[in-house]
Amino acid sequence: MATLVTLPSLPPTWTPPSEPASSISPFVQRRLIPAGAAYLAHVKRTINNFTFDEYDKQVEEEQKHLQLLNADGLNGEDDLGVGDEEESPELLLLDAKEWKKQDHYQVLGLSHLRYKATPEQIKIAHRKKVLKHHPDKKAGASHTTNDDAFFKCIQKANEVLTNPERRRQFDSVDPVCLSLEEDDPSASDFKGREKDTALFFRTFAPIFEREARFSKKTPVPMLGENDDSKESVHAFYDFWYNFDSWRSFEYLDKEVNEGSDNRDDKRYTEKKNKSERARRKKEDITRLRNLVDFTLNLDPRIKRIKQEEKEAREAKKKTKGGMSAAEQKAKAEEDKRKADQEAQRKEEEEKIARAEAKKAKAAAANAAKKARRQQRAADADEAAPS
């Protein structure tokens, strides 16, 4: 139902407005010239028989093409701060045929991130490099004759780093990582400074952080702090002494000669590659074990824990005199019982160890026989005319 509303009356001071003094200008006839963006759009639609939607789509594609040719960045998109590293003259002269020797992260301008680079950062860095070095964009401009070769290097780097398996293979033999491993500390670096706690943690903490990325198991315990508990320290060394690494060395495999259809050549190359991978894997395990040994010998927390255990034993000896005869007798009996159990356990372990050693010896003998047979067969294959 409608509601009636009563409007207030006009104030007594209100007066009606006066008529305007000026008159409205008369109508004027003007000639319109066919020009401007709207007219040009109309002409294009008419000539090409485009609908409005088809014309809008074509304009959008042309704009994208112009942006790709003229853009210096990513059309306003957040570039995540990647792909802008300065390119050295040596980098620009890379040979695309030697792509296995190139640093893919450096080629894409990701040297500061390396294995920490996300797929999105790799994508953006690759796009930036393509915009900068695409042969079509550089056509007619003054540039070195190696621009096309470097563009191929960019494409190869993107191909490797966007494939999870191939990227993992490259990360296993990352040239920067290998150079850092060669610079790992030695005993001479700590000569006379064995008690420098700050130096110990400053030196070894980044090394274990670098090595942690190769672990199959997660989370990976880090070196920690000087005041860590005994349990934390022991857990750290227990993990690293049993470190299970996914690191592989397939990336360094030698390729079979191009155009070779000889199966013997392929088998020989595969055999050599497999042998080399096993050798490098063994060397890497030994390197890491030596690093953990060296860290353990210098760790100030181990020295602190040993000192605390020594003090606890001494304190226990001091309180032993206050025990009653019955308590001492009970303790002696308990110690004897534990000693007997320990002796029995050791005897059983030795028996098992002897049996295992016997099995291992037999297995080693069989393996040696098998290896000799394989070696004789390989020698015979090599001696036979091809």
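Distance alone, capped at 3.5 Å, places no donor-acceptor pair between the Arg277 side chain and the Leu252 backbone. Put simply, the side chain of Glu311 never gets that close to the backbone of Glu308: no donor and acceptor are under 3.5 Å apart. Using a distance-only test at 3.5 Å, with no hydrogens or angles considered, no donor-acceptor pair links the side chain of Ser232 to the main chain of Asp228. Counting only distance, with no hydrogens or angles, the side chain of Glu194 and the backbone of Gly192 share a donor-acceptor pair below 3.5 Å. Counting only distance, with no hydrogens or angles, the side chain of Lys369 and the backbone of Ala364 share no donor-acceptor pair below 3.5 Å. Judged by distance alone, with hydrogens and angles left aside, the side-chain atoms of Arg247 form a donor-acceptor pair with the main-chain N or O of Ser172 at under 3.5 Å.
Between Glu87 and Lys132, at least one side-chain N (NZ, or NE/NH1/NH2) sits under 4.0 Å from a carboxylate O, which counts as a salt bridge. Salt-bridge annotation for Asp284 and Lys281: absent, with no side-chain N of the basic residue lying under 4.0 Å from a carboxylate O of the acidic one. Of the charged side-chain nitrogens involved, none lies within less than 4.0 Å of a carboxylate oxygen, so that Glu250 and Arg280 do not count as a salt-bridged pair. For the pair Lys254 and Glu276, the salt-bridge criterion is not met [side-chain N within less than 4.0 Å of a carboxylate O]. A salt bridge links Asp299 with Arg301: at least one charged nitrogen is closer than 4.0 Å to a carboxylate oxygen. Between Glu159 and Arg166 there is a salt bridge, since at least one side-chain N of the basic residue sits less than 4.0 Å from a carboxylate O of the acidic one. Using a 4.0 Å cut-off between charged nitrogen and carboxylate oxygen, Glu283 and Arg279 count as a salt-bridge pair. The pair Asp264-Arg267 counts as a salt bridge, with a side-chain nitrogen and a carboxylate oxygen less than 4.0 angstrom apart.
The cationic atom of Lys44 (NZ for Lys, CZ for Arg) does not lie both less than 6.0 Å from the six-membered ring centre of Tyr55 and within 45° of the ring axis. Cation-pi geometry between Arg289 and Tyr241 is not satisfied (NZ or CZ under 6.0 Å from the ring centre, within 45° of the ring normal).
Sorted by first then second residue, the ring pair (Phe, Tyr, Trp, His ring centres under 6.0 Å) pairs that include residues 193-217, not counting sequence neighbours, are Phe190-Phe204, Phe200-Phe204, Phe204-Phe294, Phe208-Phe236, Phe208-Trp240, Phe214-Trp246.
Few gaps surround NZ on Lys156; more than 12 heavy atoms of other groups in view lie less than 6.0 Å from it. In this structure, Glu347 places its CD atom where only 12 or fewer heavy-atom neighbours from other residues, nucleotides or ligands lie under 6.0 Å away. Taking a 6.0 Å sphere around CD of Glu165, one finds it holds 12 or fewer heavy atoms contributed by other residues, nucleotides or ligands. Sparse packing is recorded around OH of Tyr268, with 12 or fewer heavy atoms of other residues, nucleotides or ligands lying under 6.0 Å away. Crowding of Glu225 atom CD: a count of heavy atoms from other residues, nucleotides or ligands under 6.0 Å not exceeding 12. The local environment of CZ in Arg337 is crowded, with over 12 non-hydrogen atoms from other residues, nucleotides or ligands closer than 6.0 Å.
With rounding to the nearest 0.5 Å, the separation of CG in Asn297 from NZ in Lys303 is 9.0 Å.
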Walk me through whether Thr269 and Lys266 qualify under side-chain contact (heavy atoms from CB on, under 4.5 Å). CA-CA 5 Å; Thr269 303; Lys266 292 182 180 179; 5.8 Å; no

